[in-house]
Each structure stands twice: as structure tokens, then as C-alpha cells.
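Before any comments, here is the structure.
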Amino acid sequence: MTEHTPAAGPDAVDAIAAQWYAVRPDLDTAPMAVFGRIYRITKAMGDEMERTYNRYGISRGEFDVVATLRRSGTPYTLSPRELSATLMLTTGGMTGRLDKLEKAGLLGRAPDPHDRRGLKVTLTERGLALIDEAVTAGVEVQRAALTGLDEDEVRVLTALLRKLMAGVP
């Protein structure tokens, strides 16, 4: 992180809040300002992460599948049901992603030795190498986005976002 950076000047969200104040001075726009910025950051970073993962031939959604297998630890194997639950996807949505990733050689599917009706999804060596490169590139993009904050500010922001997230339904 860099040394402390002075606060940024007014932005597009401030302009929107000012417009609302002009027509509805009774309206507290503080929540709008917080969530407007969160939305804009999420959109911009989502687009940037998509571009980053596309360099590796995968979408953000496909990254999530391969990354989940990687995070599961050796032997990098989960059932489609476990993947679906972790990623909050329907089984149909998961099947499409698995089909594409298997065709690309990033994962394999095999019968579950403990359940005759089940399958296990396993990361291939190619998938392991790709996800390690892609996650490193993604973290670098995220790190670059935080360069305007020092380490203490990142810690405070993380704690505040965790607290905010706990209160969101």
C-alpha cells in the first residue's frame, strides 16, 4: 500500500446526492451515497476481473468453479452438489459450467466411489496451473485498486464492510 493519500474530491455520487437534495431536502441521502459507491466499485471491479480472467480463457463464473476446487485442498475434488451449494448455483447452471471446463481440460468428472449415483469433480493439472496464475493476476488487479489506501485504511475498510455485510439481509 502507499502512504496515506488525501481524501478524494467530489464524485458522481456526490452530484447525484446534491441533485436529490435540491429537489428533496428532507431526504437523507447518506445511505444512497454509501450504496451508490459500493455498486459503482462492484461494477467496475467486476468488469476488470472479467477482463483479467478472460486472458486465461475463462469467465468469472468459471473462475469461481475452478477456484472453489483449488481452495478445497488436495485432492481438489468436490461433488457437483457441493460446488452448487458453495457457489449458490442451480444444478443446471453448474452443469453448463462443468461441461465447458471439462471440455477445456481444466477439470474431470468421475463416478463417486462412495455413492453409486454420485459424481466427483476434480481439478486437472492443467486446471491447477491455470487457477494459480489466474488468482494471482486477479489479486494483483485488486491490490492495484487499493493503492490509494494505506494498510491501516484497508484494515478499517475491511472491518467496516464486514460489519455492514452482517447487517444486510
Side-chain angles (χ1 to χ4, degrees), residues 1-78 82-89 93-94 97 101 104 106-107 123-169:
M1 301 295 132
T2 61
E3 292 185 26
H4 179 73
T5 304
D11 60 17
V13 175
D14 290 318
I16 292 167
Q19 289 170 330
W20 276 113
Y21 182 78
V23 297
R24 289 281 312 275
D26 62 307
L27 190 65
D28 176 11
T29 58
M32 182 187 299
V34 168
F35 289 101
R37 287 186 179 91
I38 289 172
Y39 172 78
R40 286 167 182 255
I41 292 165
T42 300
K43 173 77 171 92
M45 287 303 296
D47 292 348
E48 189 61 30
M49 298 310 289
E50 187 71 47
R51 283 188 291 277
T52 300
Y53 300 143
N54 283 341
R55 294 194 323 246
Y56 297 91
I58 56 176
S59 68
R60 279 176 55 202
E62 293 157 356
F63 170 89
D64 289 343
V65 173
V66 179
T68 300
L69 288 167
R70 176 65 169 105
R71 290 191 321 264
S72 73
T74 306
Y76 314 116
T77 300
L78 295 169
E82 290 168 319
L83 283 165
S84 292
T86 299
L87 299 174
M88 296 182 293
L89 279 175
M94 180 58 65
R97 288 185 190 178
L101 292 166
L106 302 178
L107 57 81
L123 201 56
T124 63
E125 286 186 32
R126 180 174 177 203
L128 180 62
L130 180 131
I131 193 59
D132 281 349
E133 287 182 38
V135 74
T136 299
V139 168
E140 287 306 315
V141 167
Q142 293 165 346
R143 183 183 325 283
L146 293 173
T147 58
L149 304 175
D150 65 32
E151 288 181 25
D152 287 335
E153 290 170 325
V154 171
R155 271 193 293 279
V156 168
L157 179 59
T158 299
L160 290 171
L161 289 171
R162 183 181 298 113
K163 187 174 181 179
L164 175 63
M165 197 165 78
V168 173

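In terms of heavy-atom proximity, Gly138 sits nearest to Tyr53 at CA-OH, 4.1 Å. For Thr147 against Ala144, the heavy-atom pair with the smallest separation is OG1-O, 3.0 Å.
With hydrogens and angles ignored, the 3.5 Å screen pairs no side-chain donor or acceptor of Asp132 with any backbone N or O of Ala129. Proximity of a side-chain donor or acceptor of Glu153 to a complementary backbone N or O of Asp150 within less than 3.5 Å is detected. Of the possible donor and acceptor atoms, none in the side chain of Arg70 sits under 3.5 Å from a partner among the backbone N and O of Leu123. Checked by atom type and distance alone, the side chain of Thr29 never pairs as donor or acceptor with a backbone atom of Met32 at under 3.5 Å.
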Check step by step if salt bridge (charged side-chain N to carboxylate O under 4.0 Å, His left out) holds for Asp47 and Lys43. CA-CA 6 Å; Asp47 292 348; Lys43 173 77 171 92; 2.7 Å; yes

Report the C-alpha distance between Asp11 and Arg40 in whole Å, list the side-chain angles of each, state the deciding distance to 0.1 Å, and finish with yes or no for salt bridge (charged side-chain N to carboxylate O under 4.0 Å, His left out). CA-CA 11 Å; Asp11 60 17; Arg40 286 167 182 255; over 6 Å; no

Any chance you could lay out the salt bridge (charged side-chain N to carboxylate O under 4.0 Å, His left out) test for Arg71 and Asp64, step after step, and finish with the verdict? CA-CA 10 Å; Arg71 290 191 321 264; Asp64 289 343; over 6 Å; no

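Between the CG atom of Leu149 and the CZ atom of Arg155 there is a distance of 12.0 Å, given to the nearest 0.5 Å. The CZ atom of Arg51 lies 11.0 Å from the CZ atom of Arg60; values are rounded to the nearest 0.5 Å. Interatomic distance, OH of Tyr21 versus CG of Asp26, reported as 10.0 Å (0.5 Å rounding). Annotation: the span from Arg97 atom CZ to Leu107 atom CG amounts to 12.5 Å, rounded to 0.5 Å. Remark: Arg162 CZ to Leu157 CG distance equals 10.5 Å, nearest 0.5 Å. Put simply, CE on Met165 and CD1 on Ile38 are 11.0 Å apart, with the number rounded to the nearest 0.5 Å.
Put simply, the side chain of Leu69 reaches to within 4.5 Å of the side chain of Leu83, judged on heavy atoms. The shortest distance between side-chain heavy atoms of Leu106 and Val65 does not fall below 4.5 Å.
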